[in-house]
Amino acid sequence: MKEALDRIAQAEAANELAQADLEKELTKLRQDKEQALTALTEKLKAERSQALREKEEAFSFDLKNEREALLADAQTDRRSFQENYDRTHEAIVAEIIERVKGTYGS
């Protein structure tokens with residue numbers, strides 16, 4: 001009987017040691033998973049930030065190109081309007097002078 005009780009006590013002690021070892025292993029695994037999750041989260045944040053920066057740079061580049069194209073178009077339009085004004089202005093002035101000469105003489 002004593003032998004059986006000793007074996008039971010040894011088995012319980014062994015079980016307690018095994019449980020403690022398993023709990024330590026579980027704690028270690030939990031810590032490893034938390035570290036891996038933290039590292040993955042940081043990596044994903046960095047990748048997202050990089051992607052946003054790249055997209056922002058692309059938009060900025062596109063906007064700059066569009067602005068330059070619009071400025072070039074505006075400059076072309078301005079030159080064209082100025083040429084039309086100068087040509088029309090000269091013709092109108094010449095016509096007015098001719099009318100004045102025709103009406104009042106030279």
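Side-chain atoms of Q35 and Q31 form no donor-acceptor pair, as typed in the model, at a separation below 3.5 Å. For the residue pair D6 and Q10, no side-chain donor N or O sits within less than 3.5 Å of a side-chain acceptor on the partner.
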N/O donor to acceptor pairs below 3.5 angstrom from side-chain atoms of residues 41-52, sequence neighbours left out:
unit_1, atom_1, unit_2, atom_2, d
T41, OG1, L37, O, 2.7
S49, OG, K45, O, 3.0
Q50, OE1, R53, NH2, 2.8
Q50, NE2, E54, OE2, 3.0

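Here the straight-line distance linking atom CG of N65 with atom CZ of R67 works out to 11.5 Å at 0.5 Å rounding. Distance check: E95 CD to T88 OG1 gives 11.5 Å after rounding to the nearest 0.5 Å. Interatomic distance, CD1 of I97 versus CD1 of I92, reported as 12.0 Å (0.5 Å rounding). Going from atom CG of N15 over to atom CD1 of I8 covers 11.5 Å, rounded to the nearest 0.5 Å. The structure places CG of L5 at 10.0 Å from CD of E12, a figure rounded to the nearest 0.5 Å. Note that CG of L63 is 10.0 Å distant from CG of L70, once rounded to the nearest 0.5 Å.
Within the 3.5 Å criterion, the main-chain N or O of E56 finds no donor-acceptor partner in the side chain of S60.
Using a 4.0 Å cut-off between charged nitrogen and carboxylate oxygen, R30 and E34 do not count as a salt-bridge pair. A salt bridge is absent between R79 and E83: the closest approach of a Lys/Arg side-chain nitrogen to an acidic carboxylate oxygen does not fall below 4.0 angstrom.
Within 6.0 Å of atom CD in E68, more than 12 heavy atoms from other residues, nucleotides or ligands are found, so the atom counts as buried in its surroundings.
Listed by first and then second residue, the ring pair (Phe, Tyr, Trp, His ring centres under 6.0 Å) pairs involving residues 82-101 are Y85-H89 (not counting sequence neighbours).
Side-chain heavy-atom separations under 4.5 angstrom define the hydrophobic clusters, and L26 shares its cluster with no other residue.
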